[in-house]
Amino acid sequence: MPSLATVRQSNANFSPPTPPVAIFLGGTSGIGQGTAQAFARHTKGNAHIIIIGRNRVAAEAIVETFPKAPGSKYEFVYCDASLIRNVAQTTSALISRLPKVNYMVLTSGGLPSLWDMVRGVQHPTEEGLDNLLAIVYYARTKFILDLLPLLQKAKDAGEDSRVLTVAAAGHGGPINYNDMGLKKTYSVRTVRPTMVTYVDMAMETFSQSLALRVPGATFTHIYPGAVSTPLFPRWTRPLADLLATSIDDCGEYMLYALLNGGEGAQRKGEHGDDLGPESYHGGDEVRDRVWTHTMEVFDRALVAAGSAKSGVNV
Ligand SMILES: NC(=O)c1ccc[n+]([C@@H]2O[C@H](COP(=O)([O-])OP(=O)(O)OC[C@H]3O[C@@H](n4cnc5c(N)ncnc54)[C@H](OP(=O)(O)O)[C@@H]3O)[C@@H](O)[C@H]2O)c1
């Protein structure tokens with residue numbers, strides 16, 4: 001596992017041939033913020049960086065910290081990603097105006113109250129999805145799915161196309177085929193393991209399915225370890241600042257994980273180390289079932305919104 005000094009040095013050597021386009025869903029706070037700042041720092045402002053989330057004020061303050069170069073392009077795009085129809089609108093606007101996407105970092109997330117989790121109390125979105133599953137799994141998957149053509153354009157130009165989704169690789173669990181949306185079995189013991197295996201399966205689908213594959217692209221699922229971010233209640237932050245990784249250091253590790261690693265699906269630990277089969281609960285049948293379920297969720301949400309269906313069969 002590389003040291004922080006090695007990671008920083010490697011990131012400092014990052015020198016893309018043309019200004020890259022990078023999207024940070026969840027870049028308004030915490031790990032996404034730290035990674036966006038590391039990306040801006042190491043590209044020295046020669047990049048088009050798009051921060052997506054709900055908090056415009058936070059995004060503008062973060063952009064203020066980025067170095068400025070003549071070709072710098074920084075923007076905030078509002079999207080409440082808890083609804084699939086919002087994600088679809090945002091991605092179709094991006095598709096219509098961006099020439100390519102080289103990098104996507106997805107960190108949208110939240111922490112439901114422990115009391116609700118213990119009691120199995122869910123907070124469904126208007127589309128009937130569990131809110132946490134919606135922002136950590138369904139929304140991120142929809143973003144990647146819709147923006148594959150832009151990742152392909154980067155590859156066609158001989159450039160990087162790399163996706164990093166930050167959740168909890170290595171902490172997955174088995175899937176319950178009878179309750180894929182966790183409507184009956186939602187609990188503190190089911191939600192994270194299920195979500196983590198879903199993310200693993202989506203990353204594999206993006207790298208293996210002939211209908212979706214961007215040859216040469218990398219799809220990494222990473223566990224960042226404990227990071228001191230606003231995800232945790234304010235009263236825990238002094239302790240977290242002492243014991244957990246800072247946003248800045250985590251951003252360097254996440255950037256390293258984004259930029260390194262071979263093509264295809266990758267599962268990585270907190271310092272970018274390869275997890276191998278650790279706590280892996282996937283396989284061909286699981287991948288097929290998870291993808292079918294995911295497409296059904298997208299189709300239901302978009303049909304209800306009067307939009308076209310996802311239209312992607314694997
Ligand atoms: N921090 C840790 O120790 C740790 C450990 C393991 C895994 N993780 C995972 O890493 C991810 C990022 O965590 P973090 O610590 O960086 O959390 P954070 O500081 O709370 O950031 C969460 C991000 O998610 C965005 N978000 C939340 N709801 C959204 C919505 N409806 N639509 C669009 N964006 C939304 C927020 O943006 P807006 O408010 O602008 O919408 C914010 O940028 C989470 O999935 C978390 O579970 C974190």
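Note that ligands are numbered from 1 as they come in the structure, with each ligand's atoms numbered from 1 the same way.
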message: What I'd like to find out is whether the side chain of Asn102 reaches to under 4.5 Å of the side chain of Pro16, using heavy atoms alone.
response: no

message: Looking at Tyr103, is its backbone amide N or carbonyl O close enough to the side chain of Ser161 to form a donor-acceptor pair, meaning the two atoms are under 3.5 Å apart?
response: no

- request: Decide whether an N or O pair under 3.5 Å exists between Phe232 and ligand 1.
  value: no

task: Measure Cys79 to ligand 1 on non-hydrogen atoms and call it side chain, backbone, both or neither using the 4.0 Å cut-off.
output: backbone

query: Heavy atom under 4.0 Å from ligand 1: found in Ile31's side chain, backbone, both, or neither?
result: both

task: For the pair Ser207 (side chain) and Glu204 (backbone), establish whether a donor and an acceptor sit closer than 3.5 Å, ignoring hydrogens and angles.
output: yes

- request: Could you list which atoms of ligand 1 come closer than 4.0 Å to a heavy atom of Ala226?
  value: 3 (O)

message: Quick test: of every protein heavy atom, which one is nearest to atom 45 (O) of ligand 1, and how far off is it to 0.1 Å?
response: Arg140 NH2, 3.0 Å

message: Suppose we measure from atom 42 (C) of ligand 1 to each protein heavy atom; which comes out shortest, and what is that distance?
response: Thr28 OG1, 3.6 Å

query: Which residue owns the protein heavy atom closest to atom 22 (C) of ligand 1, what's the atom, and how far is it?
result: Gly109 O, 3.7 Å

query: Atoms of ligand 1 less than 4.0 Å from Val166 heavy atoms?
result: 10 (O), 11 (C), 45 (O)

- request: Compute the shortest N/O to N/O distance between Val227 and ligand 1 and return yes if it is under 3.5 Å, no if not.
  value: yes

message: Using a plain distance cutoff, I'd like to know if Ile52 has any nitrogen or oxygen under 3.5 Å from a nitrogen or oxygen of ligand 1.
response: no

message: Could you tell me, atom by atom, which parts of ligand 1 come under 4.0 Å of a heavy atom of Ser108?
response: 24 (O), 25 (C), 45 (O)

task: Below 4.0 angstrom from a heavy atom of Thr229, which ligand 1 atoms are there? Numbered from 1 as shown, please.
output: 1 (N), 14 (P), 15 (O), 17 (O), 19 (O)

field: Atoms in ligand 1 flagged as close to Leu231, the criterion being non-hydrogen separation under 4.0 Å
entry: 1 (N), 15 (O), 17 (O), 19 (O), 20 (O), 46 (C), 48 (C)

message: If we ignore hydrogens and angles and just use 3.5 Å, is the side chain of Ser108 paired with the main-chain N or O of Ile135 as donor and acceptor?
response: yes

- prompt: With only distance considered, is Gly53 within less than 3.5 Å of ligand 1 through an N or O on each side?
  reply: no

- prompt: Any idea how Tyr253 and His271 line up, ring-wise: parallel (<30°), tilted (30 to 60°), or perpendicular (>60°)?
  reply: tilted

- line: Residue, atom and distance of the protein heavy atom nearest atom 31 (N) of ligand 1 read Asp80 OD1, 2.9 Å

statement: protein heavy-atom neighbour closest to atom 4 (C) of ligand 1 works out as Gly225 O, 3.9 Å

- prompt: Roughly how far apart are Ser209 OG and Asp288 CG, rounded to 0.5 Å?
  reply: 9.5 Å

query: With a cut-off of 4.0 Å, which atoms of ligand 1 are near a heavy atom of Tyr223?
result: 6 (C)

message: Looking at Arg189, I want to see if its CZ is surrounded by more than 12 non-hydrogen atoms of other residues, nucleotides or ligands under 6.0 Å.
response: no

message: Keeping His221 on the side-chain end and Val166 on the backbone end, is there a donor-acceptor pair under 3.5 Å?
response: no

query: What residue and atom, counting heavy atoms only, is the protein's closest point to atom 12 (C) of ligand 1, and at what distance?
result: Thr107 O, 3.1 Å

task: Dump the intermediate steps for ring-ring contact (aromatic ring centres under 6.0 Å, His included) on His293 and Tyr138, then the final yes or no.
output: CA-CA 10 Å; His293 161 74; Tyr138 298 115; 5.7 Å; yes

message: When you measure from the side chain of Asn131 to the backbone of Thr125, do you find a donor-acceptor pair of N or O atoms at a distance under 3.5 Å?
response: no

statement: Exactly one candidate in Met254, Lys268, Glu270 meets side-chain contact (heavy atoms from CB on, under 4.5 Å) with Pro224; the answer is Met254

task: Report the nearest protein non-hydrogen atom to atom 7 (C) of ligand 1: residue, atom name, distance rounded to 0.1 Å.
output: Ala167 O, 3.2 Å

task: Search all heavy atoms of Arg54 against all heavy atoms of Phe76 and return the closest pair with its distance.
output: C-CZ, 3.9 Å

field: Interfacing atoms of ligand 1 (cut-off 4.0 Å, heavy-atom, Gly30)
entry: 16 (O), 19 (O)

- prompt: Between the side chains of Thr6 and Tyr256, does any donor sit under 3.5 Å from an acceptor?
  reply: no

Under 4.0 Å to a heavy atom of Ala81 - the qualifying atoms of ligand 1, by number: 30 (C), 31 (N), 32 (N), 33 (C)

task: Identify the protein heavy atom lying closest to atom 30 (C) of ligand 1, giving its residue, its atom name and the separation to 0.1 Å.
output: Arg54 NE, 3.5 Å

